[in-house]
Amino acid sequence: MPEARVIEANPFRVAGELLPGEMIDRDEETARLLSLAAGGHASRLVAPRRYGKTSLLRRVLADAAEQGWATALVDLEGVLSLSSIVVRIERAYDRELKGVIRRTVDGLFRSWQVGLSLGAGGFTASLQSNPRIDVEAVLLRLLDLPAKLYERSGARSLIAFDEFQDLLRVDGADGILRSVLQHQTAAASYAFAGSAPTLMERLFEDPSRPLLEHAVSVELGPLPTEPTAAFLEDRFRLTGRDIGSALDPLLAFARGHPQRTMLLAHHLWELVPRGSVADESAWVDARERALSQAEAALRARWQSLAVNEQRVSLALATRARNLYAEETGRFVGLKKGSVDRALAGLVGKAEARVGAAGPELTDPLLEHWLAERGLF
């Protein structure tokens with residue numbers, strides 16, 4: 001019989017939930033978020049999509065759960081109504097509560113008799129059978145759960161809301177949350193994460209909004225170089241490979257972008273057989289494979305930008321010395337007076353960031369695609 005082929009698992013995950021040990025660094029951010037929660041403070045975490053916000057929140061929640069906290073991660077992406085907010089929160093509790101805390105919450109839901117439940121059809125089924133349910137009253141009751149849980153069991157709660165900026169799609173929702181959450185300092189702490197800086201600023205920095213200055217901002221910046229390099233080297237070594245001279249150009253290109261680092265390393269690993277050493281040629285091939293995989297999504301993002309935002313993106317992709325220079329404007333068809341507004345739009349959508357060296361595109365693959373694919 002032919003010898004069975006050994007199937008090797010690529011150690012660089014590019015989609016889905018990260019497993020324990022797959023996160024690079026973020027120790028400082030984890031400690032900061034846990035410290036704020038322990039002090040009863042709300043936190044605000046803003047970073048581009050695919051930058052590791054959700055993975056960081058899961059790590060923080062897991063650490064809190066080990067210390068006896070009740071935890072839940074509520075995904076608010078795309079919510080359209082108070083009903084959908086209720087369902088998202090209910091599902092988060094159903095998915096993540098365990099043991100005594102779950103039984104306590106289940107008992108509270110049954111005693112309230114407002115259509116909430118863990119498991120079964122939940123609030124969705126209740127709403128279908130009784131469309132006249134006062135959804136706002138149910139949401140207020142659900143938001144008060146951490147306080148009731150604390151009264152019953154003494155367990156504090158840490159609730160994280162992901163893609164929190166989508167709450168703006170539902171009129172009055174932030175006011176409803178504030179009306180309950182502001183009274184729960186002893187019972188619960190909250191973390192709010194979002195991927196649209198401008199919208200998150202509207203929620204927390206606009207004097208007309210209920211959540212003004214309600215949360216402490218925590219920055220999620222690029223991955224640090226040394227821990228990233230050590231992580232990549234270890235993953236290659238543990239699978240019988242050597243990342244070799246491909247390491248430095250990969251790190252320089254990825255610029256600390258978490259998902260892009262993993263995507264590039266994933267394709268590089270595929271190109272390096274066991275027992276071999278990666279070189280710069282393999283790196284170039286890996287980069288092109290990653291670009292090919294991401295191209296459809298890059299094109300969709302590019303097409304969603306306003307015309308002047310596209311022009312500034314092109315200028316940033318070619319590393320123009322000065323966005324306001326006359327030659328830059330001629331090259332991309334941009335008027336000097338339009339630069340600030342277009343750049344602010346890109347920053348507000350997390351497509352660009354302003355660092356110590358000036359503005360740059362957040363996604364190195366988008367930059368490479370614009371520079372190399374002849375869009376000028």
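These figures come from a predicted structure and were not determined experimentally. Reckoned from all heavy atoms, side chains included, excluding hydrogens, waters and symmetry mates.
Within the 3.5 Å criterion, the main-chain N or O of Ala38 finds a donor-acceptor partner in the side chain of Arg156. Checking side-chain atoms of Arg260 against main-chain N and O of Ala254 turns up no donor-acceptor pair under 3.5 Å. Proximity of a side-chain donor or acceptor of Glu90 to a complementary backbone N or O of Phe123 within less than 3.5 Å is detected. Without hydrogens or angle criteria, Ser55 side chain to Gly52 main chain gives no donor-acceptor distance under 3.5 Å. Asp94 contributes a side-chain N or O that, together with a main-chain N or O of Gly119, makes up a donor-acceptor pair within less than 3.5 Å.
A donor-acceptor contact closer than 3.5 angstrom is absent between the side chains of Arg241 and Ser276.
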| task | Decide side chain to side chain donor-acceptor pair (under 3.5 Å) for Asp279 and Ser281; before the verdict, give the C-alpha distance in whole Å, the side-chain angles of both, and the deciding distance to 0.1 Å. | result | CA-CA 5 Å; Asp279 56 21; Ser281 176; 4.5 Å; no

| Do His214 and Gln182 pass the side chain to side chain donor-acceptor pair (under 3.5 Å) test, and can you show the C-alpha distance, the side-chain angles, and the key distance before you say yes or no? | CA-CA 8 Å; His214 187 72; Gln182 65 181 332; over 6 Å; no

| said: Walk me through whether Asp144 and Arg141 qualify under salt bridge (Lys or Arg N to Asp or Glu O under 4.0 Å). | reply: CA-CA 5 Å; Asp144 196 43; Arg141 201 74 183 267; 5.8 Å; no

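Between Ser153 and Val100 the shortest side-chain heavy-atom distance does not fall below 4.5 Å. The side-chain heavy atoms of Thr228 and Leu251, taken from C-beta on, include a pair separated by under 4.5 Å.
Atom CZ of Arg88 has more than 12 heavy atoms from other residues, nucleotides or ligands within 6.0 Å. No more than 12 heavy atoms of other residues, nucleotides or ligands sit less than 6.0 Å from atom CD of Glu213. Taking a 6.0 Å sphere around CZ of Arg13, one finds it holds more than 12 heavy atoms contributed by other residues, nucleotides or ligands. Atom CZ of Arg209 has more than 12 heavy atoms from other residues, nucleotides or ligands within 6.0 Å. The environment of Arg95 atom CZ is dense: over 12 non-hydrogen atoms of other residues, nucleotides or ligands sit within 6.0 angstrom.
A salt bridge between Glu29 and Arg26 is present, with a side-chain N of the basic residue lying under 4.0 Å from a carboxylate O of the acidic one.
In this pair, Trp369 and Trp302 present their aromatic rings perpendicular. The plane angle is above 60°, beyond the 30 to 60° band. Between Phe192 and Tyr190, the ring planes are parallel. Angles under 30° get that label, and only those over 60° would be called perpendicular. Ring planes of His257 and Tyr51: perpendicular class, angle over 60° (limits at 30 and 60°). Using the six-membered ring where Trp is involved, His368 and Phe253 have ring planes that are perpendicular, over 60° apart on the 30 and 60° scheme. A tilted orientation is assigned to the rings of Phe236 and Phe12, their planes being inclined by 30° to 60°.
Applying the salt bridge (charged side-chain N to carboxylate O under 4.0 Å, His left out) test to every pair with at least one member in residues 283-297, sequence neighbours left out, gives these pairs: Glu288-Arg373, Glu295-Arg299, Glu295-Arg373.
Here the options are Leu127, Leu139, Val138, the test is side-chain contact (heavy atoms from CB on, under 4.5 Å), and the partner is Ser83; only Leu127 passes.
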